[in-house]
A.B. asks: 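If you scroll down you'll find the structure; I have some questions about it.
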Amino acid sequence: KQKIEINTSQENVTIYYTTDGMEPTRSSKLYQSPFYISSTAEIKAIAVDASGNSSFITHSIFKKLEHDWEVKLNTPYMKAYDGGGASGLVDQVHGQINWRMGNWQGYQNQKLDALVDLKKATRISRINISFLQDTRSWVVMPKSVAVETSKDGKVFHKIYEDSNFVDIKDLDVQIKK
C-alpha cells in the first residue's frame, strides 16, 4: 500500500481529487485526510476557494511495482524534485518534457550515486535511464554517466560509461534516453 497525502500552500481551500486520471471537479472525491492506494493510480487534484475558483495543484502517477527491488540513494536529491523518492528510479514512471509536472528527480552540485538491489541474480539485457535538459531553467544533463553491476554487492564491473550528452549552451528543452 502507498500512503497518499495532498498538500497545497493555498489557504482556505477545499481539495478535490481523482485517482483514475480524470480531471477533478467539485463533484470529485473530497480530500479530508491521507488515503492509501494498492494498485496503479493516476492522481489529479484541484483546490477550490470560497468563491468557487479552482486551481490545479497536482498530477501524479503511482505504479504498482511488479518487483521488490530495493533502491539505496547514497546522495540526497533536492527536496523539491523527489521524482517519487528512491523507488522513483525504478518505478517505470517517466517525467515529461514539462518538468514542472513532476516525476523527475533532481540533483545539484553532486554526483548521483544509487544502488539498485534486484534481490536475486537476474539476467539484464537493457537498462534505461532518462535525462532532461532545460538550460534556461537551470536543468542540465549530467556531465557523465556510469553503470556498474555486481553479483555480490561488493565487487562491481563497469558495463557502460558515456559523457557530454548535450552541450549546456543548447537551449532546446529535451529528454535524452
Side-chain angles (χ1 to χ4, degrees), residues 1-110 112-119 127-142 172-177:
K1 286 188 173 185
Q2 173 72 44
K3 183 178 182 181
I4 305 297
E5 293 184 60
I6 302 173
N7 299 304
T8 181
S9 59
Q10 301 173 43
E11 295 182 13
N12 301 316
V13 295
T14 304
I15 298 174
Y16 297 93
Y17 70 97
T18 61
T19 58
D20 59 4
M22 300 295 293
E23 295 302 319
T25 66
R26 287 184 283 178
S27 300
S28 299
K29 295 176 191 169
L30 173 64
Y31 179 78
Q32 295 177 309
S33 62
F35 59 95
Y36 291 88
I37 58 172
S38 58
S39 60
T40 297
E42 184 173 358
I43 298 171
K44 292 184 178 182
I46 58 170
V48 179
D49 66 18
S51 300
N53 299 315
S54 65
S55 60
F56 182 78
I57 58 172
T58 191
H59 175 208
S60 299
I61 299 172
F62 296 89
K63 283 193 174 185
K64 183 174 181 178
L65 302 179
E66 297 178 13
H67 52 72
D68 64 344
W69 300 346
E70 184 178 310
V71 179
K72 180 182 179 211
L73 295 175
N74 296 318
T75 49
Y77 49 79
M78 296 175 62
K79 290 190 186 296
Y81 306 104
D82 71 353
S87 65
L89 295 179
V90 297
D91 65 4
Q92 300 176 352
V93 174
H94 303 280
Q96 303 299 311
I97 196 92
N98 179 359
W99 55 268
R100 292 165 188 86
M101 295 294 289
N103 298 323
W104 285 102
Q105 202 165 89
Y107 294 82
Q108 185 174 17
N109 297 324
Q110 60 186 336
L112 163 60
D113 180 7
L115 177 69
V116 179
D117 185 349
L118 305 183
K119 305 280 183 110
I127 296 174
N128 295 315
I129 306 172
S130 298
F131 300 101
L132 171 74
Q133 180 156 309
D134 182 355
T135 301
R136 288 186 177 104
S137 297
W138 296 98
V139 177
V140 296
M141 299 275 174
D172 291 337
V173 180
Q174 57 195 294
I175 295 172
K176 292 288 182 194
K177 296 182 179 190

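Bear in mind that the values here come from a model prediction, so they are computed numbers and not experimental data. All heavy atoms count here, side chains included; hydrogens, waters and symmetry mates do not.
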A.B. asks: Quick check: closest heavy atoms across Gln10 and Ile57, and the distance to 0.1 Å?
C.D. replies: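 Shortest heavy-atom contact: NE2-CG2, 3.5 Å.
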A.B. asks: Show which side-chain atoms of residues 11-22 pair as donor or acceptor with protein atoms under 3.5 Å away, not counting sequence neighbours.
C.D. replies:
from: Thr18; atom 1: OG1; to: Met22; atom 2: O; distance (Å): 2.6
from: Asp20; atom 1: OD1; to: Met22; atom 2: N; distance (Å): 3.0

A.B. asks: Could you measure the distance from the NZ atom of Lys119 to the NE2 atom of His67? Nearest 0.5 Å is fine.
C.D. replies: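 Reported value, rounded in 0.5 Å steps: 11.0 Å.
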A.B. asks: Going by atom types only, do Glu23 and Thr25 share a side-chain donor-acceptor pair under 3.5 Å?
C.D. replies: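 No pair is found: no donor N or O on one side chain lies under 3.5 Å from an acceptor on the other.
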A.B. asks: May I ask you to check whether over 12 heavy atoms, not counting those of Lys177, lie within 6.0 Å of atom NZ?
C.D. replies: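 Atom NZ in Lys177 is not crowded, with 12 or fewer foreign heavy atoms closer than 6.0 Å.
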A.B. asks: Give the C-alpha distance, both sets of side-chain angles, the deciding distance and a yes or no for side-chain contact (heavy atoms from CB on, under 4.5 Å) between Leu89 and Gln105.
C.D. replies: CA-CA 8 Å; Leu89 295 179; Gln105 202 165 89; 3.5 Å; yes
A.B. asks: How far does CG of Asp134 sit from CG of Asn98, to the nearest 0.5 angstrom?
C.D. replies: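 With rounding to 0.5 Å, CG (Asp134) is 9.0 Å from CG (Asn98).
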A.B. asks: Got a donor-acceptor contact below 3.5 angstrom from the Gln2 side chain to the Ile37 backbone?
C.D. replies: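 No, Gln2 side chain to Ile37 backbone: no donor-acceptor pair under 3.5 Å.
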A.B. asks: At their closest point, which heavy atom of Gln96 faces which heavy atom of Ile175, and how far apart are they?
C.D. replies: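 Closest heavy-atom pair between Gln96 and Ile175: C-CD1, 3.8 Å.
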A.B. asks: What's the spacing between Ile6 CD1 and Lys44 NZ if we round to 0.5 Å?
C.D. replies: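 Here the rounded value is 13.0 Å.
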A.B. asks: Rounded to the nearest 0.5 Å, how far apart are NE2 of His94 and CH2 of Trp104?
C.D. replies: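 Result: 9.5 Å between the selected atoms.
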A.B. asks: Locate the shortest heavy-atom distance separating Ile46 from Val48; write the atom from each residue and the value.
C.D. replies: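 Minimum heavy-atom separation between Ile46 and Val48: CD1-CG2, 3.9 Å.
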A.B. asks: Rounded to the nearest 0.5 Å, how far apart are CG of Asp172 and CZ of Arg136?
C.D. replies: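 Interatomic distance, Asp172 CG to Arg136 CZ, rounded to 0.5 Å: 8.0 Å.
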A.B. asks: Without swapping roles, check the side chain of Gln133 against the backbone of Lys176 for a donor-acceptor pair under 3.5 Å.
C.D. replies: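 Answer holds: no.
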A.B. asks: Between Phe35 and Tyr31, how do the two ring planes meet: parallel, tilted or perpendicular, split at 30° and 60°?
C.D. replies: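 Phe35 and Tyr31: perpendicular rings.
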A.B. asks: Please give me the minimum heavy-atom distance between Ser87 and Val71, naming the atom from each residue.
C.D. replies: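 Minimum heavy-atom contact is CA-CG2, 4.3 Å.
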A.B. asks: Apply side-chain contact (heavy atoms from CB on, under 4.5 Å) to residues Leu112 and Leu73 and explain how you reach the verdict.
C.D. replies: CA-CA 8 Å; Leu112 163 60; Leu73 295 175; 4.2 Å; yes
A.B. asks: For residues Lys3 and Pro34, report the shortest heavy-atom separation together with the two atoms involved.
C.D. replies: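 Nearest pair, atom of Lys3 first, then Pro34: CE-CB, 3.6 Å.
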A.B. asks: Do the side chains of Arg100 and Ser137 get nearer than 4.5 Å, heavy atoms only?
C.D. replies: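 Side-chain contact under 4.5 Å: yes.
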A.B. asks: Give, for atom CH2 of Trp69 and atom CG of Asp91, the distance between the pair rounded to the nearest 0.5 Å.
C.D. replies: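 Separation between the atoms: 11.0 Å.
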